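Because the structure is a prediction, the values reported are computed rather than measured.
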Amino acid sequence: MTPDELSHVLSAALASAVADGTFALDADAVPTSVHVERPKQREHGDWATNVALQLAKKAGVPPRELAQELATRLGSTPGIKAVDVAGPGFLNITLEAGAAGELARTIVESGAAYGRNDSEAGKKVNLEFVSANPTGPIHIGGVRWAAVGDSLARVLEASGAEVTREYYFNDHGAQIDRFARSLLARARGQEAPEDGYGGQYIAEIADAVIADAVAAGDTDPRDLPDAEAQEVFRSRGVERMFGEIKSSLHDFGVDFDVFFHEDSLHGSGAVDRAVARLQDAGRMFEADGATWLRTTDFGDDKDRVVIKSDGDAAYIAGDIAYYLDKRERGFDEAIIMLGADHHGYVGRMMAVCAAFGDTPGVNLQLLIGQMVNLVKDGQPVRMSKRAGTVVTLEDLVDAVGVDAARYSLARSSVDTSIDLDLDLLASATNENPVYYVQYAHSRTCAVDRNAADRSVARGDGFDPALLDHETEAVLLGRLTEFPRIVAQAAELREPHRVARYLEGLAADYHKWYSERRVLPYPDEEVETVHRTRLWLNDAVRQVLANGLDLLGVSAPERM
RNA sequence: GCGCCUGUAGCUCAGCGGAUAGAGCGUCUGCCUCCGGAGCAGAAGGUCGGGGGUUCGAGUCCCUCCAGGCGCACCA
């Protein structure tokens with residue numbers, strides 16, 4: 001029996017008690033689906049609900065009395081072994097072992113589909129993340145969004161949404177100019193401009209640009225007049241940087257569907273059209289020679305300049321056009337993941353959304369994630385190119401590998417800032433919980449290999465009532481939760497819940513493994529109990545694999 | 001000054017109003033003649049930052065104070 005089914009049974013019992021006048025409740029006060037949850041204490045049964053506590057006041061009945069009435073009505077339901085009233089009025093429900101154990105077969109037969117749900121079905125979602133400027137390699141902060149963002153995309157897809165992963169290249173404006181000037185200066189052996197970029201990668205990109213140009217039969221850009229040379233370094237340098245960012249993300253297991261170039265918005269007239277639309281809607285005004293968007297009408301703390309007094313578009317103009325573009329491409333929800341250093345955008349972007357007549361928080365959702373801090377010897381280390389303390393995506397992967405990197409970044413809530421210890425990163429990789437989860441998976445695979453050797457096969461028999469050990473009830477309960485965890489991770493946009501779930505599942509599996517043998521001893525015959533346990537082993541294997549996949553982490557068969 | 005996020009075990013972090021607050025790592029004690037010891041069992045370790053409030057019930061919600069992080073441009 002699944003929690004959903006149990007929930008319906010409870011609702012029905014409640015409804016019938018209201019219908020025959022046992023409880024004096026308005027029909028609309030009766031919840032359509034009763035919330036059931038896994039109790040922390042095993043003694044409290046397989047499932048528990050607090051409906052009686054919540055409805056007691058409305059019904060004018062003491063909670064325990066209300067609970068007792070429900071317990072009586074549930075008592076004879078097939079699959080339910082016992083219903084107890086506990087504490088202030090909880091209902092603790094214990095299922096028949098067979099009813100619970102049936103799940104093992106369901107999971108194995110569902111395969112990769114187990115965990116998929118329809119909580120986000122029908123939604124067309126644009127998920128924008130990373131979007132680091134193409135003026136340098138992706139550093140540790142961006143890697144967090146790569147790991148979390150891609151995992152969120154996977155979780156949303158598993159919940160029925162159609163997701164487009166999008167990366168916004170800020171390839172327009174002053175930062176790119178600084179990047180181009182830095183490349184040119186470096187190529188000519190000059191000092192980096194005061195406001196420019198000076199890392200080692202600048203030299204590498206500069207050299208590559210020269211080589212690219214020469215290979216294409218063009219003049220060595222160093223010999224061109226300044227303006228022309230800078231343009232060559234800009235276009236070829238940015239192209240190079242795009243390539244590096246794309247390939248390092250790909251190596252990290254993150255592939256975007258769309259790389260959107262800010263420059264295209266300015267070149268195509270999209271900015272002008274978006275601004276005109278807000279003007280027609282009466283959201284703009286002129287002041288001090290500039291054109292403003294009255295974002296304060298929608299809760300922003302100050303109005304924003306869209307067209308500067310020198311006639312150039314301000315940065316937000318691109319964002320306005322970009323948002324409109326996403327909506328015109330048919331996305332119901334535009335989700336943007338931003339670092340905490342950009343949370344100042346929230347107010348103005350939500351106002352932009354509202355100014356177009358959309359609903360902030362629905363059509364546009366901004367997810368703010370806290371920063372990743374570097375720590376050495378317990379002391380915070382400021383990332384500095386000069387001091388050589390910049391940690392890039394490649395550095396992180398080189399140090400711990402893709403699986404450990406993705407897992408450690410995706411397993412905690414983005415609301416908390418993460419401290420990464422550089423020394424710990426380089427040495428003690430074994431402390432990463434990813435190995436605990438992966439080990440459980442490879443253990444299930446080892447059992448499968450041995451089962452094949454002993455000719456234990458699932459198909460030959462399955463009797464769920466034989467899954468009657470304490471650790472089996474716990475394990476089955478955990479397996480039942482998986483689809484809800486995925487749905488919850490999608491709804492709350494919190495993929496880290498999947499990782500935490502897997503750690504719990506791995507622990508339950510290891511405990512079961514140490515209590516119950518899947519295979520017969522050498523002198524024993526193969527019996528139904530062995531085959532039945534193999535079903536359970538394989539169900540765990542499937543869920544671990546499905547969960548790890550949602551995190552973009554591999555599920556190794558051996559390690 | 002204003003706004004957002006955070007404060008839970010020695011460390012890193014879970015815990016979308018429920019029962020005795022958890023995990024990994026670290027420390028200590030046990031457990032491999034049979035399916036993987038990267039594991040299991042047990043122990044030690046907590047004023048859930050402080051104080052008020054709401055509630056049958058608060059780590060969770062509200063107020064306030066303290067501490068830390070990050071923001072408050074006609075920069076991008």
Taking the six-membered ring for Trp, does A:Tyr513 stack with B:rC40 (centroid gap under 5.5 Å, planes within less than 30°)? no
Answer with base, sugar-phosphate or nothing: what part of the nucleic acid does A:Glu524 contact at a heavy-atom distance below 4.0 Å? nothing
For nucleotides 28-34 of chain B, list the nitrogen or oxygen atoms of the protein found under 3.5 Å from its nitrogen or oxygen atoms, one pair per line.
none

I want to check a possible cation-pi pair here: A:Arg443 against A:Tyr513, using under 6.0 Å from ring centre and within 45° of the ring axis as the test. yes
Quick one: label A:Ala446 by what it contacts on the DNA or RNA (base, sugar-phosphate, nothing), any heavy atom closer than 4.0 Å. base
Measure from CG on A:Asn373 to P on B:rC11 and round the result to the nearest Å. 16 Å
My understanding is that only residues two or more places apart in sequence, or in another chain, count here; which of them pass side-chain hydrogen bond (donor to acceptor under 3.5 Å, both in side chains) with A:His172? A:Asp263
For every nucleotide of nucleotides 18-24 of chain B, 5' to 3': is a protein heavy atom under 4.0 Å from its base (B), only from its sugar-phosphate (S), or from neither (-)? BBB---S
Holding to side-chain hydrogen bond (donor to acceptor under 3.5 Å, both in side chains), I want the full list of residues that pass it with A:Arg449, two or more places apart in sequence or in another chain. none
What contact category does A:Ser412 fall into here, base, sugar-phosphate, or nothing, at under 4.0 angstrom with non-hydrogen atoms? sugar-phosphate
Sequence neighbours excluded, the answer for side-chain hydrogen bond (donor to acceptor under 3.5 Å, both in side chains) partners of A:Arg64 is none
Stem ranges for RNA chain B, with three or more consecutive Watson-Crick or G-U pairs under 3.5 Å? B:1-7 with B:66-72, B:10-13 with B:22-25, B:27-31 with B:39-43, B:49-53 with B:61-65
How close or far is atom P of B:rG36 from atom CD of A:Glu557, stated in whole angstroms? 14 Å
